[in-house]
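Take a look at the structure set out below.
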Amino acid sequence: MNAERGTQKAELTGGEAGAGVVGRRGASTFGVARVAFVSAALVLYLLWLGRGELGWLPGGQWAALGGWAVLAALLLVIWLWRAGYLARWWAVVHVAPSGALLIVIVLIAAVPRLVALPGAAPPPMALAAEQEALGEARRMVTTGQFRPVTFARPSALLYLQTASGAAAFLLGASNDRWHDVSAMQPADLATPAHLLNALLGLLTIALVYATSRRLYSPRAGLLAAALLACSPLAWRAAHVADESTLAALAAMLALWGIVDCGLRIANWWESRHWLFEEGTALSRQNPQSPPARGFPVHIPHCLVAAFLLGLATGIRPALLLLVAPLVLALWWGGRMRVAIVGLLLTAGVVGFLVAAPYALAALPAMLDASASTARGYDLRVTPGTLALLVRHVPDGALLFSRAEPLLALLGSVGALIALLRRQRGDWLVLAALVPGLLLVLLHRSLDAWQFIPYTPFLALLGGLALDTGWTSLAAHPHSTARRKQRSRKRPSAA
Amino acid sequence: MKTLPSRTPTQARATSADRLGQRPAAPLWATLAGFQAAPVEAALTACALAALALAIGVGVRQPGALVLALCAVAGVALAVATLMLARALTWPAHWWRRIVLVAIVGSGAVLRFRGLAFGLPYVPHPDEPAVVNVAQRMLRTGDLDPHHFVYPSLYIYLQAAVYALHLGWGFTQGLYTSVNDLPQTTDIITTAPGIYLWGRTLTVLLGIGIILLTYGAGKRLYGPRTGLIAALLVAFAPPLVDDGHLITVDVPAAFFTALAFFWLVELYRAPLSPDRHTRWWPIVRAGIGVGLAAATKYNAALIVLPLALVPLLRRAHAPWRVWLGGGLAALATFFLVTPFAIPELSVFLNDTASVIIHYKFQGHGRFESNENWLYYGRYLWQTFGPVWPLALGGLLVMALRGRRADLLVLPFPLLYYAALASLWVNFTRNLMLLYPFLALAAAVALQTLCRWLATLRSLLVTRHSSLVTALVLPFLLVGPAVVAGRQDNLRVIPDTRVAAQRWMAEHLPRNDYWLVETAPQLWPRQGNVIATSASFGDPAQHPPGWYPAHGFRYLLLDRGKYDPALHSPDLRPDAAAWFQEALARFTLVRDLPGGIGPALALFDTGPGAPVMQHPSAARFGTDELALAGYNLGPATRLDDLYFPESGGTPRGFRPGDWLGLTLLWQPLRAPSGDYQVFIHLRDARGRTVAQRDARPQNNTYPTDRWPAGQAVLDSANLALPATLPPGQYTVVIGLYPPGQSRLAARAAPGDAPLPNAELPLATIEVK
């Protein structure tokens, strides 16, 4: 205990971290950098003083000042780098390599999502939905009345768009633009709503990484995140202020909660048999995990999973199908008490009401909207439904392959691998994906847009496929990685 | 090969003694002087304690910047001496730290509590009513919606809670009879100064809390000595002391920012779980701190930046737990304590946008600049003195040495200063949030500097960095302490209007009327005082000779209005001539130079009795009250006093006009009841077409408070109905105790009682 405290204390003070890095190397370069800095500063300052005589310089005085600032910042950064301060700071602010790579992936993914965002126009088919949502959000911003007029759009999306509109109003407040919120028009809310969707998309990428890392490995997580970052459907969804991106995030969030809950259940129930970590059943000896006695520690995580499932259902009712992986995860834990089932149901209802707080108060309107949505699907128990499903399977596969060729291919391979290796974590993903896809295929008119909420699941499986391939290649006797590994083990001649 | 310098035997002994836990060696200067350490240091501590007590005691009675500076220096000396004594004796160090901390907090509390009632009942700071009025309205109406969000709601609710306590206390003391006794507005003056006193006390307590929180954060990050130095610097920071006397959101925002930072430090220090996750409660607590800070003042929300950094600095797994948990806790707390921001979203957004536009685009008179980074720097130099450059040095030291704890401190002050400097408006009170961080940085720099100085043994006689710190600290503190003391001294001087009121109430008889150019609320329950601002108008409307003729014995005039006219007669020639004539004709009884409040001049117009337009000998009750006379004529509003220039019948009135009726009452003995005065307007058929029932002087001066013999001038104006048909109308008056029969009225002493116990005054014509 004392040793642990001592370690943490040393960690907290951090006083000795990187001590001595700033040494002779810094001292030797310091003089050069200082001379360069002072000279440049002097020259630019003289230029700055020459008021009105800088006609030869594009931009005049301000350009001179800006140049001075850029040069000063550059020299400062160079000096800090050469003197070792940047390395020292980097050592202090710890970021894991996979985390850093994830940041890079997210930044790269942000580029296509954010470029041309202000002028982005939604596709014609999504125009009506966008205008309806933005009109509602504008009404909420200007009146403070949060009861939705329509439930055709998820309430959570409207609230988020209201929040983004409020933030946009505050950021854009000025004398000559607007100083009263009633001056905002629905069109003014379009760009913030698109930006919101783009950010939700980036968040989904991070969540895919976290889930895949938990299920498989950090590398699989990075590959899955990269796959989703390259998804053309996701790029397009970032430029439409509808609920697709939010539904994808909610679905991924629910799956993350279910995976967390499922793996904890597996660890808790079978701790004396095997430990489930990163998708692999470890040995029977699990020194970290306590014996499965007393309070089942996974119950709070199950409640969180149920809450997130309710939240996702409140955003898109079709995501209720994610109950399949949750039931599967709970089944691993054995027989459950009725009270715990009741708690899970309560958590789910709470999650649903958080996403749609007026669902009970405006139940008829809510039911009407749900019925209207359900009419788009053929849900009858008749041979005709089966025929529609059979007919839509190739159509849907073709449609999705055209829209997302990489994700379709790698996702299919990943699903195949998951089916073949039959690990519990894989079952959770498959149980989340398959019922959802089947429901999409039961829609009377297929559209690639309907697949968006399930693209993160496919990215997970695609990441698994790539990771498996990578591992197989690395394990090959002629692979470069293996050669490197062997050469590292070989003792040097010296 | 380089050899290490060998240690002297003394050093070796001291080191081994330290290792064995024995008493450390005495300071070098004490050893050289041949004294034993403990007695010398104990005597020094006692002297410092005595000096502190003496300085505080003298400073409270006889304000003086020098005395307060001495007080500060004595406090520092006490702190240092006790530290030295702690080293010299083998007592536990934490006891001495507590004593020093108590001394620091005590000094800070003295500075903050001193002059707490400044200005009252006047409200000199324009921002105080913005909080007080809303909190009072909440209590009066029970409507907890502030209906304006220029400030977030937390401090308004805290103030409302304090006022509720004050009201409860006031009910037991007889100060208030109901919640409706609270004034509607306190923009210039308040009729409930106790509310301000209690509200300011809350600010003071929060200001003292900043000292403790700074100590706590400094101690946890850098050790107790740094914490104590930082607390000392915060205790004497002049802006914190100055605004610590006000019911504004700035010091509370500094407190809640310091609280959020303290909880962030606790989060940073909280042990990780075995799987290297940050535990939930410290996360949620830090988020609550951030939410509370943002709910006190919007710009304090920048304290969220260190919260985002903490998981990276701790190398904790799953940093999103901190970001998500802390962020949600902050948001939930903000909306929990500013709950009406959601249902009143449009008002919230419009008010917040108005603040943004004000700061970024509109500007604020002379409080605006394009070079605010320089402006704020200059201000900090003027108020914080050498502590400011020391703090800058501390920030540089922190940036360069790059410890994790430093990275927790650095972001907020840098970002906050940059954000403030980028705005167009430069209100220095917004810097309030920075002082705890600057004090921490200055303490770090001072510690570094003193450790370095202590190594220069050739220059100094000691190698104890604590002694070097003790030598340097007074030089640092004397500037801020003098500024803070000077401001405190200004605050203990009463407002000239209050001083005049006290002097007049104590020295002047009340048988005559006093015309005062101050707010009427300053003269509660003093019926012989007529305030120009409430019912009279400009004194120059009547020639100076008019005043003694109408019973105005004393005139308290605002020289600030007349002196400029005297110096430049072209500006207001009438006022200049009037005031010159007043100066020549009246006796100047007292001249109060301006300072806190305007310059005032008190004139005695000479003895005389009021001359009313219509003298009367009417009596009411059993020779209880006499109506000495009345004026009847046009008025402009309810509380307007009507004094005609000369006698005669009033002109005709029109429907909708104000009927000005000024009554001069003369209580023959102290009235036994609280009587209402009724004024009825009767038409030719005897029907009442308009009426008014109220206590004298618009319900502010009940008859049961009238002393015998004191004349009371009562404005009893009556609104004529807009639909009143033309014709002749009779004005009748009378008195009655509420719920009982009227007092008998007689036209003259000894006459028979008048029918219906009412006195017909005059007949007016409505055209």
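Naming convention: chains lettered A, B, ... in sequence-line order (proteins, then strands); numbering from 1 in each chain. As the structure is a computational prediction, the values presented were derived from the model and not from experiment.
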B:Arg220: partners by salt bridge (charged side-chain N to carboxylate O under 4.0 Å, His left out), with sequence neighbours left out: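 Only B:Glu266 meet the salt bridge (charged side-chain N to carboxylate O under 4.0 Å, His left out) criterion with B:Arg220.
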Without placing hydrogens or testing angles, list every side-chain donor-acceptor pair under 3.5 Å for residues 328-341 of chain B, not counting sequence neighbours.
{"residue": "B:Thr333", "atom": "OG1", "partner": "B:Ala329", "partner atom": "O", "Å": "2.6"}
{"residue": "B:Thr338", "atom": "OG1", "partner": "B:Phe334", "partner atom": "O", "Å": "3.2"}

Between CH2 on residue B:Trp320 and CG on residue A:Leu203, distance to nearest 0.5 Å: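 Going from the CH2 atom of B:Trp320 to the CG atom of A:Leu203 covers 11.5 Å.
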Point-to-point distance, once rounded to the nearest 0.5 Å, from CZ of A:Phe146 to CG of B:Leu345: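 One finds 4.5 Å between CZ of A:Phe146 and CG of B:Leu345.
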Segment of [X] engaging chain A (4.5 angstrom heavy-atom cut-off):
X: B:Leu349; result: both
X: B:Ile342; result: both
X: B:Ser354; result: neither

Closest approach of B:Phe361 to A:Ala173 (non-hydrogen atoms, all atoms of both residues):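 The pair with the smallest heavy-atom distance is CE1-O, 3.1 Å.
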Atom CH2 of B:Trp424: over 12 foreign heavy atoms under 6.0 Å: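 Yes, CH2 of B:Trp424 has more than 12 neighbouring heavy atoms, counting only those of other groups under 6.0 Å.
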